[in-house]
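To start, the structure under review is shown below, and the notes come after it.
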Amino acid sequence: MIPWRLRYSGIRDYDAEEMILENANEHILITGPNGAGKSTISFCMGAVLRSSKVEIEGLKSQNISEDETWRAAIHFLFKNEGLSRIDGPLFIEFRLICEQPPKQPIKLRYEVHDGDEMEQLELRQTYRSGDANKNNLSAYKRELQFKYKIHPDLYYLIWYQQEVNQFSVMAPEERFRIFSEMHGIDRIQKDWETSLEIVKEAREAYVIATNQQKQHEFTLSVARNNKDRFKNNQKRIVENGMLFASTTYALQLGAENERKEVEKYIEERKLELEEVDDQAQEFVEKLEEKNSNTQQLQEKQQEVGELLEESKVQSNEQEEKIEEVREEVDTLQSELSTLQEAYSKLPYPEVETRNRLAAANDQVETLTRKEEQLKTLTDKAGHSIEEYRQRQSKLQATIEQWEENSQIHTEIMNRYLSSYQLEKDLADLNHSLQERKQLLEQKQAEHRIFKDELAMLEKNQIESERQQEAIRHMKEQNIKAFTLRHFIKLMDQTPIENERLFDTIKYTIFYDAASCQPINDLYHVSLKKLIPNRVIIDLPNLGLQMQEGLSQKEQNHATRVLWWIEQFFTSEQPTIQKNWLVDTRGTRGPQERNTYILSKRALEERKKFLIRKIEEMQKEIDTLSLQSNEDNETFRVWNADVQKVREAEAFLSLKADQQYRIEQLVQLKTEQIHLVVQKKEYETETKEIWKEKIKQEGVVSVLLEYLAVYEQFGQHSEKIERLQKQQQLLKHLKQELIVLRNKVEAYEDELDRLQDSLRQLQREIIDLKDQAEANQRTKKQIANQLSEKEDERIALSKDETKQKEQLNDLRLLVPELVDQALMEEQLQESKYTLTVKQNQAMVGFENARNEQGIDQNAIENFLTLEQEVLRKEEELHSAKNLLEENEERAIQNEHRLETAIDMQVTKINLLFQQYMGEFQFEGQIKFEKFMDKKTGRSSNYLFMCVKKAIGESLKM
């Protein structure tokens, strides 16, 4: 960007002017006498470029009346060429339009015009103060700096020419003041003086805090004694109160338990008395019942006696009838004695005997046919059994052979579920092997990276890969390059996390050249283009300082780098906000991965972390290698067994055939067993039929003999029939006699039983009367016991009430203590011991409660004072630390001041010597510092010495 033309109007009392500056490669000299307007031209340039060194009010004419409006305009045209060319049209013009109505502030409007023709420029943007679209004056200044690459103070030429003329004749002390203001040394000196005042104040605060601490510690010791006395008093109150409450409660519970036991005993005796009354009533009812039963038994006894006499009469009459029939039977039997003996043995009548004979013959024939059928079935079953036996042998051999082969294949299938599953497991294992291999390679790569990083840390070479790449590239261009860490480090007392603030710039490459060709997207900054406005050795607000052990040249570079970093934390863009780098084009985050490189402590921690991480990763790598070897061996075994598993599956798929053979074998065995059982049944049935047939043949023979007797007996049939009838009658009469005799015996037994029952009832009645008398005695005894226990219950109730009242009185005084005592385990001691302890505890409790001079707020007072003492200790410690920090800061500020003065004096002395040498003079600028012993303050003097090369020197 090359200045090409300047126009202005309404400036002071000058007419509208136009200056043509179109000389790209030459300097433009503006000359003229004082008042010609040389400064005004530079003021116009500064005003249109929004320089902070130009007051717009100074461009206004002093001859304008108060009721007249002031209007002015400045047009500054640039040609977009040269080293600072930007991406834009050929011509760019910046305009300032000023207007101030009467008694109103000045209104400013900045405009930017551009175009490829100098006389055909178009309005690009307008800027006003407080613009709603943020096109304000600050935005205009930022656009100049960052878009158009024009610094507002670039054309600061002779705005302070009067001060320059007076500089040589000033007093040395005043000259130093102007010199310090020009180079920013006054701010450093002010910081140093301020730090001295702060040290003085901090030392006074430390002395005051020390004295206050001693006073508070004495007050705390008094409060501690009061607290201990209060605690002792509270301890006695608690111990005696707890004992008093627990003994009282134990006595109360004891009286209550005894009272409950007595009441329980009374209730039990009352229930027993009720039971006794119930028993008495029951005895009365039972006596009545027994008397009633006695009367019923007597009536029953009389009735049974009458039935017995009647049965005896009937029995005698029956015996007489039997005797008559027996005489007639004896007569007929004597007549038919021989025939009768044979006839009497016949079991059946003649017709029945003939029927039985016919049935027996039929049975013999039927049994003979069945016997022949069963023999046929038995022979058939025998042939079938032999056939089944042969079939079973063949099936058994086949099944056993299959089982032998099945064991081998089953053993394989027990190891693997199926060939599909095995192949799937093989695929999964292969996939796992590949993943583990990739993981192992990844771990090994990370392990190498960590080892390389550890090696770099041990060599103190903390550079990222992209930094190393950039440095190598610079070296190839014969350009010396440095990392930011080479110059800068984090202060020791600064937290490590503060380094995150510089993530966007801490990997910047600084090179010692005017320009370079970057190889990657890291920041590449020319050290020669960094021109700080003061000497900087640290940035305490950012926690940064120079690296130690730098050469003088490297220290100068470090000052430039610190100044460069500081610019990111000003209001002008680019800036670092919330760890992001923000400029007008956009926002960017960290340059590299999340690491710490500026803190020595962080690097030590990183080194320890890397050593630990390398050991852990080596263990992981060893574990992964071992697992990979094991899995490879498993893969080899499984791969070899796949075909075996398929054969086993094919073989075991025929298990249904084996099961079918087993079922056939079982069925054959079942059918064989059935046939054997059936054969045995046939043989048994044949044997039974043979026996039955022999038996029936015997029956036929016997029946034939019976029929022969009937043929002989047919000749005496009438007598025989009469004899048979009488015998039947005799038999019937004897049965009736037996029935009658049984009745007689039953009646006699009933009479005996009734007699026994009567005697038993009499005994029971006597017993009931005795029990009723005993019941009356028990009732009287229980009544006496109830009276005695009632008196005892009343006494225990009074004792219990007394203990409750004492416990309630104590609860009104110390409720929490009583509740705590009641929650503890009850005392298990005798009533006498409890009473003694209760009296002792009551006396101790009252004495402790009424003790004089006890401060109830002693603990709170002590804790408050203790907190105050601790707070004061912290304040004292903080005051001490603050004093030390301020003293250290004062020393640092003094060092900064001396360094800044030395550097600037050396620089300006060199320039002064060169300038004076042009006029054959020897020039020197010296700095001296004097300390006032009375006030303790220092005074700084800047001397200018000039002499002819062959003459005397002049000191100013």
Side-chain angles (χ1 to χ4, degrees), residues 1-65 68-82 84 89-102 105-128 137 140-141 144 148 150-165:
M1 298 286 285
I2 302 171
W4 207 253
R5 183 180 66 192
L6 177 66
R7 292 176 178 175
Y8 58 86
S9 63
I11 302 300
R12 294 182 178 174
D13 294 327
Y14 296 105
D15 295 331
E17 293 289 345
E18 178 181 25
M19 298 182 64
I20 304 301
L21 309 172
E22 45 189 54
N23 288 289
N25 298 317
E26 295 182 6
H27 288 85
I28 304 300
L29 176 63
I30 303 175
T31 64
N34 290 341
K38 302 185 297 298
S39 299
T40 302
I41 293 171
S42 65
F43 286 151
C44 289
M45 293 179 181
V48 75
L49 297 178
R50 190 63 184 167
S51 173
S52 59
K53 299 181 181 295
V54 176
E55 292 291 338
I56 302 297
E57 188 73 30
L59 301 177
K60 181 180 176 183
S61 173
Q62 301 298 322
N63 297 319
I64 298 177
S65 61
E68 185 179 353
T69 298
W70 173 57
R71 292 183 177 86
I74 303 172
H75 297 185
F76 197 4
L77 178 68
F78 286 81
K79 189 174 183 179
N80 189 11
E81 289 182 351
S84 59
L90 182 60
F91 292 98
I92 300 173
E93 186 174 62
F94 302 98
R95 297 180 183 179
L96 169 61
I97 293 88
C98 305
E99 181 179 352
Q100 185 180 24
I106 300 174
K107 297 179 181 179
L108 303 179
R109 184 173 82 250
Y110 290 89
E111 296 179 353
V112 179
H113 297 253
D114 58 21
D116 293 329
E117 297 293 334
M118 188 168 59
E119 302 302 331
Q120 296 180 2
L121 303 178
E122 295 181 0
L123 176 63
R124 181 63 56 192
Q125 187 64 54
T126 301
Y127 300 88
R128 294 182 179 87
L137 304 185
Y140 173 70
K141 194 171 183 178
L144 285 174
Y148 298 106
I150 299 174
H151 196 280
D153 299 334
L154 184 62
Y155 300 98
Y156 171 52
L157 299 176
I158 54 172
W159 300 345
Y160 294 105
Q161 59 183 1
Q162 292 181 358
E163 287 82 348
V164 173
N165 296 333

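These values consider heavy atoms only, across backbone and side chains, with no hydrogens, waters or symmetry-generated copies. Remember, it's a predicted structure, so these values are computed and weren't measured experimentally.
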Original post:
Do the side chains of K107 and I97 get nearer than 4.5 Å, heavy atoms only?
Top reply: no

Subject >> Distance, nearest 0.5 Å, that separates CG of D13 from CD of Q62 >> reply: 8.0 Å

Original post:
Would a 4.5 Å heavy-atom cut-off, applied to side chains only, mark L96 and Y110 as touching?
Top reply: yes

Original post:
Of the non-hydrogen atoms in A47 and I56, which two are nearest, and what is the gap between them?
Top reply: CB-CD1, 3.7 Å

Original post:
In Å and rounded to the nearest 0.5 Å, what is the CD1 to CZ distance from I92 to F76?
Top reply: 12.5 Å

Original post:
Roughly how far apart are R95 CZ and R7 CZ, rounded to 0.5 Å?
Top reply: 8.0 Å

Original post:
Taking side chain as C-beta onward, heavy atoms only, is I106 less than 4.5 Å from W70?
Top reply: yes

Original post:
So, do D114 and N80 sit near enough that their side-chain heavy atoms are less than 4.5 Å apart?
Top reply: no

Subject >> Heavy-atom check, side chain of N63 versus side chain of S61, under 4.5 Å >> reply: yes

Original post:
Under 6.0 Å between ring centres, would you say that holds for Y148 and F94?
Top reply: yes

Original post:
Which atom pair, heavy atoms only, marks the closest approach of P3 to F78?
Top reply: N-CD2, 3.7 Å

Original post:
Would you say E18 has more than 12 foreign heavy atoms packed within less than 6.0 Å of its CD?
Top reply: yes

Original post:
Is there a side-chain contact between L108 and R50 (heavy atoms, below 4.5 Å)?
Top reply: yes

Original post:
Hey, what's the ring geometry for Y140 with Y127, parallel, tilted or perpendicular (30° and 60° as the breaks)?
Top reply: tilted

Original post:
Hey, is CD on E55 packed in by over 12 heavy atoms from elsewhere, all under 6.0 Å?
Top reply: no

Original post:
How close do E81 and I2 get, heavy atom to heavy atom, and via which atoms?
Top reply: O-CG1, 3.6 Å

Original post:
Taking the side chain from R12 and the backbone from G58, do they hold a donor-acceptor pair closer than 3.5 Å?
Top reply: yes

Original post:
If every non-hydrogen atom of V54 is compared with every non-hydrogen atom of F43, which pair is closest and at what distance?
Top reply: CG1-O, 3.8 Å

Original post:
Just how far is it from atom CZ of F91 to atom CD of Q120, taken to the nearest 0.5 Å?
Top reply: 11.5 Å

**OP:** Quick one: pull up OG in S51 and NZ in K141 and give me the separation to the nearest 0.5 Å.
**Re:** 7.0 Å

Original post:
Going by heavy atoms in the side chains, are K79 and L90 under 4.5 Å from each other?
Top reply: yes

**OP:** Taking all heavy atoms of A72 and all of I11, pick out the closest pair and write down the distance.
**Re:** CB-CD1, 3.9 Å

**OP:** In plain terms, say whether E93 and R5 are close enough for a salt bridge, that is, a side-chain N and a carboxylate O under 4.0 Å apart.
**Re:** yes

Original post:
Can you name the nearest heavy-atom pair linking Y14 to G37, along with the distance?
Top reply: OH-CA, 3.4 Å

Original post:
When rounded to the nearest 0.5 angstrom, what is the spacing between CD1 in I74 and CG in L59?
Top reply: 5.5 Å

